[in-house]
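Below is a structure I'd like to ask you about.
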4 protein chains.
Amino acid sequence: MSRNTSAGPFADSADGTADGTAARRTGRPRSRAADEAILAATRAALAELGFSRLTLGDVAARAGVAKTTLYRRWPGKSELVVDAVADLFDKLELPPGGGSLEADIEEVILQFAALLARPEVRTALMAVVAEATDDEALRARIRQAIVDRQKRLVLQGRARAQERGELTPPADPRQAEYEADLIFDTLAGAVVHRALVSCEPVDTPWATALATLVTQGLRPRP
Amino acid sequence: MSRNTSAGPFADSADGTADGTAARRTGRPRSRAADEAILAATRAALAELGFSRLTLGDVAARAGVAKTTLYRRWPGKSELVVDAVADLFDKLELPPGGGSLEADIEEVILQFAALLARPEVRTALMAVVAEATDDEALRARIRQAIVDRQKRLVLQGRARAQERGELTPPADPRQAEYEADLIFDTLAGAVVHRALVSCEPVDTPWATALATLVTQGLRPRP
Amino acid sequence: MSRNTSAGPFADSADGTADGTAARRTGRPRSRAADEAILAATRAALAELGFSRLTLGDVAARAGVAKTTLYRRWPGKSELVVDAVADLFDKLELPPGGGSLEADIEEVILQFAALLARPEVRTALMAVVAEATDDEALRARIRQAIVDRQKRLVLQGRARAQERGELTPPADPRQAEYEADLIFDTLAGAVVHRALVSCEPVDTPWATALATLVTQGLRPRP
Amino acid sequence: MSRNTSAGPFADSADGTADGTAARRTGRPRSRAADEAILAATRAALAELGFSRLTLGDVAARAGVAKTTLYRRWPGKSELVVDAVADLFDKLELPPGGGSLEADIEEVILQFAALLARPEVRTALMAVVAEATDDEALRARIRQAIVDRQKRLVLQGRARAQERGELTPPADPRQAEYEADLIFDTLAGAVVHRALVSCEPVDTPWATALATLVTQGLRPRP
DNA sequence: CATTAATCGAGACGGTACGTCTAGTCTTCAG
DNA sequence: CTGAAGACTAGACGTACCGTCTCGATTAATG
């Protein structure tokens with residue numbers, strides 16, 4: 001077992017060390033085109049077959065690539081799938097206008113729900129989390145590729161709310177992070193549970209209700 | 001494809017015992033001992049190997065049972081695993097004494113967290129939910145064996161809180177169910193997300209914070 | 001590596017222990033039909049592709065059998081090929097009539113040459129011998145399945161010649177075996193070398209010449 | 001398929017040296033040192049791993065050379081191996097002194113046996129012959145590099161024996177060649193069969209016996 | 001001396017076969 | 001009919017080599 005344990009396909013091909021001189025070693029460089037073809041094929045196969053019926057041989061065939069090329073870049077199915085859905089999470093954004101905290105939360109919920117409505121995300125998300133329960137490396141990859149990109153929104157929303165004066169700045173920065181984590185787990189967990197466990201629609205009324213619940217919970221009454 | 005699609009192992013063997021009228025069919029009866037041995041072996045294998053490395057052949061060998069016996073009772077790995085962890089969810093209970101709504105919620109959170117700390121539950125829960133994303137029969141089995149047993153607590157808690165006068169009875173019964181679903185998805189989702197995605201401890205301070213958040217969110221300020 | 005190291009497919013299925021009671025253990029018995037289908041498919045593939053282009057996957061497909069069935073019976077390609085060509089060597093026989101030693105030898109040479117003219121034997125024989133150079137188990141299998149069946153003819157021919165008075169019985173039985181080995185290596189080696197290395201035809205004139213050479217060499221002049 | 005089908009590594013680089021007319025083309029010339037390193041690495045790998053476990057990648061690594069360099073010079077494994085063992089066959093010589101025909105034959109047998117005792121020759125010889133069964137180009141290479149160098153001794157021995165008066169000059173030159181072929185196939189075949197199939201030692205007593213057999217067979221009694 | 005063109009190392013590439021593993025079914029005999 | 005045992009078909013697994021290719025870097029003879 002001399003598995004590839006790199007952080008991802010782009011970690012290698014970034015080929016620029018810290019100093020930016022980008023001293024490529026020797027040999028034929030890896031094909032950038034192959035990376036994109038593989039990730040696209042993975043998303044297509046996920047949507048069509050679901051995570052557990054997806055095979056790396058099939059992905060390779062769809063991408064017009066040899067299996068070895070795939071294994072050279074990713075250690076296994078879970079890591080590949082994480083990277084394949086990762087960039088979809090880049091598109092999550094707070095609403096542009098100067099709304100309220102509650103409106104921001106509602107918007108984020110709906111955006112996340114829209115993502116979970118995509119079949120490739122739906123089938124991939126729980127599966128990779130399940131695989132990660134006893135695989136720290138995979139857990140780190142998920143955190144970096146998916147979780148942190150969601151969490152960013154919570155932090156931005158908090159900052160905006162403070163600017164607007166809706167929330168008071170926290171006394172202790174550690175307390176602030178603790179609270180942000182709570183909000184994040186609550187919002188993300190609730191949406192995922194509603195969508196994938198309860199299998200009920202995450203629509204505007206439900207999003208409003210959840211946003212209200214959390215917003216009111218945040219502001220302790222006197 | 002002549003898969004066994006029964007709801008569980010006892011669905012078959014229960015017939016003829018409860019009311020005594022149903023004449024038992026001919027031939028050798030199924031061994032009750034085998035059922036428990038298989039479920040126990042499944043839990044052990046889950047804890048040791050994790051869901052994805054668990055194989056039915058291995059379970060059969062651990063239980064001292066032939067693979068045939070296993071497939072006669074369960075259609076596949078996911079269904080077996082659901083049944084194996086199901087009865088652990090029976091033990092969830094509201095605290096006996098006459099506490100507050102907030103205390104009840106906190107206690108439920110901690111009980112659920114204790115369950116998620118068991119390795120067999122940790123690895124099984126997300127995995128079977130993931131498998132169920134495109135398998136309605138499995139989803140139904142999960143709901144009956146796991147989800148409903150958790151949800152029951154939310155409904156009991158709501159009833160208690162009304163008795164105590166902490167919450168007003170809902171005007172519309174549909175509204176009540178809608179709210180209960182929201183609370184359930186929020187609590188369960190937050191705990192799971194905290195434990196399995198964020199990988200942070202679900203301890204008493206965090207449980208208190210979440211209970212507070214939800215309790216305050218429930219009681220709209222004037 | 002827990003490879004099957006049995007002496008052959010029939011060693012198992014003979015399923016009669018030394019006492020002849022044939023106490024078959026349990027479980028589904030191996031299919032006899034599969035054995036024959038696999039060996040026939042192997043011969044066909046050998047003739048068509050040659051030893052080095054033959055793959056076990058292809059043999060399994062031709063035989064209408066899963067790869068595992070094949071690997072359950074034979075440890076590898078070489079052993080399978082040995083068994084596949086072995087029974088062709090059973091058909092070697094001395095000529096029936098009461099000819100001379102020289103005529104017997106010539107006949108044997110031509111029969112062996114006819115065997116070597118078959119493409120499956122042609123491609124298999126050298127290949128398995130080559131593979132056997134550092135594999136004692138394979139060497140033993142070849143000896144039992146192929147070499148001993150050829151050698152038998154030499155011993156029979158020697159016995160006949162003594163009956164006819166063409167050769168004198170050897171004083172020392174060890175000397176007799178030594179001589180038989182020499183004759184065998186000489187005849188078999190010469191035919192193989194002519195056919196596969198020199199690539200010249202092993203026809204009647206050549207067989208006569210070799211038979212004469214050996215017969216004269218055997219009877220030292222006074 | 002633009003395979004290199006040249007007769008050998010020196011066939012290319014030799015051009016322009018023998019007669020000096022052929023102007024070497026421009027560009028960097030091939031490294032002579034690489035040739036020898038590759039052949040030596042091949043012999044080492046053969047002795048260590050055997051023909052079938054030898055890989056060109058491994059040979060390249062042992063020789064400190066890129067795979068490309070190897071494929072530029074040889075079309076494949078078999079051709080490389082033939083060349084690697086070829087020069088060992090150059091060392092075969094008739095004994096210097098004026099012995100007898102029988103003594104010459106015995107000496108040749110023992111020299112050939114000594115060669116076959118080397119593990120790299122042992123594993124390579126049968127393997128390349130097996131590969132050559134349906135590859136005319138490889139067969140030609142083997143004939144030129146190995147077979148003809150052995151056959152030369154038979155022709156020299158025949159000539160010597162005639163000079164000594166042990167054998168009469170053949171009436172027909174075609175008959176002479178035919179007889180030489182027979183002797184060659186018999187001697188070479190017997191030694192190879194003894195060493196690689198029967199796996200018995202080719203020692204002086206056996207060599208004497210074979211030499212006697214052939215010598216007596218050659219001189220028909222009155 | 002600069003140009004030029006084939007060489008060199010390194011290593012990624014598309015393929016193919018490997019031998020193993022698991023899924024789920026089927027076939028035997030024993031109770 | 002159930003049970004253990006184990007052979008069966010089917011197909012994915014991850015690895016190993018194959019022979020080719022694309023790089024940047026050498027290295028002579030030629031211009």
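Every value quoted in this text rests on a predicted model; they were computed, and no experiment measured them. In what follows, every chain begins at residue 1, and chains take the letters A, B, ... in the order their sequences are listed.
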Would you check if the side chain of C:Lys77 reaches a backbone N or O of C:Leu54 as a donor-acceptor pair within less than 3.5 Å?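 It does hold such a pair.
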Taking the minimum atom-to-atom distance to the side chain of B:Leu56, which one of E:dA23, F:dT9, F:dC23 wins?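 Nearest nucleotide to the side chain: E:dA23.
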Side-chain donor or acceptor of D:Arg28 under 3.5 Å from a matching atom on the base of E:dC8?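 There is none.
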Taking C-beta and beyond as the side chain, do B:Ile38 and B:Trp74 meet within less than 4.5 Å on heavy atoms?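 Heavy-atom side-chain distance check passes, below 4.5 Å.
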Could you tell me how far apart C:Leu80 (CG) and E:dA17 (C1') are, to the nearest whole angstrom?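 Nearest whole value for this atom pair: 15 Å.
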Using a cut-off of strictly less than 4.0 Å, decide whether C:Arg72 has a side-chain nitrogen or oxygen near OP1 or OP2 of F:dC8.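 So the side chain of C:Arg72 is within the cut-off, an N or O lying under 4.0 Å from OP1 or OP2 of F:dC8.
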Closest approach to the side chain of A:Thr55, judged atom by atom: which nucleotide of E:dG11, F:dA12, E:dT22 is it?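 Nearest to the side-chain atoms of A:Thr55, counting from C-beta on, is F:dA12.
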Write down the distance between CG (B:Asp58) and P (E:dT22), rounded to a whole number of angstrom.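 For the pair B:Asp58 CG and E:dT22 P, the rounded distance is 8 Å.
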Atom pair distance, as rounded to whole Å: CG in D:Asp35 and P in E:dC8: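 After rounding, the reported distance stands at 9 Å.
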When you match D:Ser31 and C:Gly57 each to their closest nucleotide on DNA chain E, which lands nearer the 5' end?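 By nearest-heavy-atom nucleotide position, the 5'-most residue is D:Ser31.
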Nearest-Å distance, CD (A:Glu79) to P (F:dG14)?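 For the pair A:Glu79 CD and F:dG14 P, the rounded distance is 10 Å.
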Flag, side chain of A:Thr133 to backbone of B:Thr123, donor-acceptor distance under 3.5 Å: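 A pair under 3.5 Å: no.
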Would you kindly give the NZ-to-P distance between A:Lys77 and F:dG11, to the nearest whole Å?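 Going from NZ in A:Lys77 over to P in F:dG11 covers 16 Å.
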Between C:Arg30 (CZ) and F:dA5 (P), how many Å, whole number?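 Roughly 17 Å, once rounded to whole Å.
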NA contact type, A:Thr68, heavy-atom cut-off 4.0 Å: base, sugar-phosphate, or nothing?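 Base contact - A:Thr68 has a heavy atom under 4.0 Å of at least one base atom.
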Report the residue from B:Glu120, B:Glu48, B:Glu36 that forms a salt bridge (charged side-chain N to carboxylate O under 4.0 Å, His left out) with B:Arg43.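 Looking at B:Glu120, B:Glu48, B:Glu36, the match for B:Arg43 under the salt bridge (charged side-chain N to carboxylate O under 4.0 Å, His left out) is B:Glu36.
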On the nucleotide E:dC13, are OP1 or OP2 found under 4.0 Å from the side-chain N or O atoms that A:Arg73 carries?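 A:Arg73 to E:dC13 OP1/OP2: side-chain N or O found under 4.0 Å.
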Atom CD1 of B:Ile38 and atom P of F:dG3: how far apart are they, to the nearest Å?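 The answer, rounded to whole Å, is 9 Å.
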Between B:Lys67 and D:Thr69, which residue's closest nucleotide on DNA chain E lies nearer the 5′ terminus?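 It is D:Thr69 whose nearest nucleotide is closer to the 5' end.
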Send over the distance from A:Leu70 CG to E:dG15 P, rounded to a whole Å.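 Atom CG in A:Leu70 sits about 14 Å away from atom P in E:dG15.
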Separation between NZ of A:Lys67 and CG of A:Asp58, rounded to the nearest 0.5 Å: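 Between atom NZ of A:Lys67 and atom CG of A:Asp58 there are 11.5 Å.
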